[in-house]
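Just so it is clear, the model here is predicted, and its values are computed rather than measured.
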Amino acid sequence: MAQDSRLTTSDQMQDLLLESPEFPDFLLGLATMSASLVGPEGQVTCTITVERDGGPVTVASSSEAGRRLDETQYAFHDGPCLTAVREQRLVWIPDLRGDERWSDYLEAALQEGVRSVLAVPIPTEPFSRAGLNCYASTVGAFTEETKGLLEQHAGSMSRVLRIALRLHGANVQPEHLRAALKSRAVVDAAVSLIMLQQRGGREDALEILQRAAKSNNRRVHDIASDIVRGAQLPAGRLNGG
C-alpha cells in the first residue's frame with residue numbers, strides 16, 4: 001500500500017530528534033505531528049504513553065488536557081489507552097456514551113468533554129510498551145481511514161521512539177511536559193502575530209520565524225519570545241525572498 005502523503009516519515013522524525021533542543025521538545029513534536037494528521041489544530045489531542053517496570057507514564061502530549069486525561073486513566077489502572085499499550089492492539093471508541101467498557105474512566109473523560117477515543121499501539125521493545133492516544137470532542141471523529149493512517153504513523157514512529165527511549169529513558173516528569181507546552185504556546189503566539197502582519201497562512205509564518213532564527217543563529221523559541229514581548233517582527237514575505 002502506498003504511503004499517505006500526509007504521513008511524517010521516519011527520516012523526518014529522526015531530523016526532529018536531532019534538531020530538538022531538549023528531549024521533551026522532541027516528544028512534544030511527535031505528539032503534535034500525530035494530532036495534525038487527524039484534523040485542524042486543537043480539534044484532536046494526542047498523547048504518547050510508555051509503560052515500563054515503573055508503570056505507565058505520559059511522555060508527550062499535544063495539550064495539557066491530554067496529559068490530564070492520561071493521568072486520570074492511570075488512576076483507574078485501566079482504560080482504552082492502557083489496553084492498547086498492554087495488549088498491543090488498537091482500541092477505537094466512536095462514541096463514549098455508547099461504550100460500556102471502562103465505565104468509570106469513560107465517565108470521567110466525558111466530564112472533560114471527550115466524546116471519541118482512538119488508541120494505537122506503538123511497537124517498541126521487549127522491556128517497554130507504548131501507545132499513541134487520540135482524544136476528540138466530537139462523536140465519530142476517528143474513521144476507518146483515520147485508523148489506517150494512524151497505524152501507519154505509529155509504525156513509522158516505532159524505530160525513532162525506540163532510539164530516543166534508549167538514549168533518554170522514559171522518565172519525563174510532568175513539569176518537563178508543562179515547560180515544553182509553555183514553550184510551544186510562545187511560538188504559537190509569535191506565529192499568530194506574523195500571520196496578522198503578513199496576512200498569510202500558518203506554515204508561511206512558521207517558516208519566516210524559522211528563517212529569522214537561522215539567520216540570527218538563535219533558537220526559534222528565543223526569537224518567538226522577543227516577538228511576544230514586543231520586538232520587531234521578522235520582515236519579508238516568503239514569496240518575495
Side-chain angles (χ1 to χ4, degrees), residues 1-9 12-13 27-50 56 58-76 78-123 130-158 161 177 180-181 184-185 188 201-203:
M1 180 174 60
Q3 185 168 359
D4 194 296
S5 61
R6 290 171 291 177
L7 286 168
T8 304
T9 66
Q12 289 171 313
M13 292 181 191
L27 294 169
L28 176 59
L30 281 185
T32 305
M33 284 176 180
S34 304
S36 69
L37 287 175
V38 184
E41 184 176 357
Q43 289 191 6
V44 172
T45 287
C46 288
T47 68
I48 299 172
T49 293
V50 173
T58 298
V59 298
S61 177
S62 63
S63 73
E64 181 68 17
R67 185 186 64 81
R68 290 198 309 270
L69 285 161
D70 277 3
E71 292 184 351
T72 300
Q73 187 167 163
Y74 305 156
F76 286 110
D78 198 10
C81 304
L82 287 178
T83 297
V85 169
R86 291 167 177 168
E87 299 182 12
Q88 286 293 286
R89 64 178 177 87
L90 183 143
V91 176
W92 179 31
I93 308 178
D95 184 357
L96 268 64
R97 292 197 186 280
D99 199 289
E100 297 180 353
R101 300 167 292 176
W102 315 293
S103 56
D104 290 340
Y105 170 71
L106 294 188
E107 184 58 39
L110 282 166
Q111 291 178 11
E112 290 279 348
V114 176
R115 290 302 305 271
S116 52
V117 172
L118 179 65
V120 184
I122 303 172
L132 173 64
N133 317 314
C134 304
Y135 304 96
S137 59
T138 57
V139 173
F142 309 111
T143 63
E144 290 285 352
E145 180 188 10
T146 304
K147 286 164 56 181
L149 191 66
L150 289 179
E151 283 182 305
Q152 287 187 64
H153 180 62
S156 296
M157 194 187 300
S158 173
L161 187 59
L177 292 179
L181 287 166
R184 195 190 71 171
D188 284 345
R202 177 179 173 80
E203 291 302 318

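What you find for Q73 and D78 is that their closest heavy atoms are CG-O, 3.4 Å. Scanning both residues, C46 and L132, for their nearest heavy atoms gives CB-CD1, 4.2 Å. S116 and T138 make their closest contact through OG-O, 2.6 Å (heavy atoms, listed as atom of the first residue, atom of the second, distance). In terms of heavy atoms, V91 sits closest to W102 at CG1-CH2, 3.7 Å. Scanning all heavy atoms of the two residues, the minimum distance from A31 to S62 falls at CB-N, 3.7 Å. The shortest heavy-atom contact between R115 and S137 is CG-O, 3.4 Å.
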Report the C-alpha distance between E71 and R68 in whole Å, list the side-chain angles of each, state the deciding distance to 0.1 Å, and finish with yes or no for salt bridge (Lys or Arg N to Asp or Glu O under 4.0 Å). CA-CA 5 Å; E71 292 184 351; R68 290 198 309 270; over 6 Å; no

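Here the CD-CZ distance, from E107 to R97, works out to 7.0 Å after rounding to the nearest 0.5 Å. In this structure, CG in L118 is found 8.0 Å from CD in E151, a value given to the nearest 0.5 Å. The distance from the CG atom of N133 to the CG atom of L69 is 9.5 Å, given to the nearest 0.5 Å. The structure places CD1 of I122 at 8.5 Å from CD of Q88, a figure rounded to the nearest 0.5 Å.
Between C81 and Y135, the closest side-chain pair of non-hydrogen atoms falls below 4.5 Å. In this structure, the side chains of T146 and W92 stay at 4.5 Å or more apart for every pair of heavy atoms.
Screening L82, V85, D70, V50 for a side-chain contact (heavy atoms from CB on, under 4.5 Å) involving P56 leaves a single residue, L82.
We find that R101 and D99 are joined by a salt bridge, their nearest charged nitrogen and carboxylate oxygen being less than 4.0 Å apart. Taking 4.0 Å as the cut-off between side-chain N and carboxylate O, R67 and E64 count as a salt-bridged pair.
The backbone N or O of S63 lies less than 3.5 Å from no partner atom in the side chain of T45, so there is not a single donor-acceptor pair.
Checked by atom type, the side-chain pair Y74/T58 shows a donor-acceptor distance below 3.5 Å.
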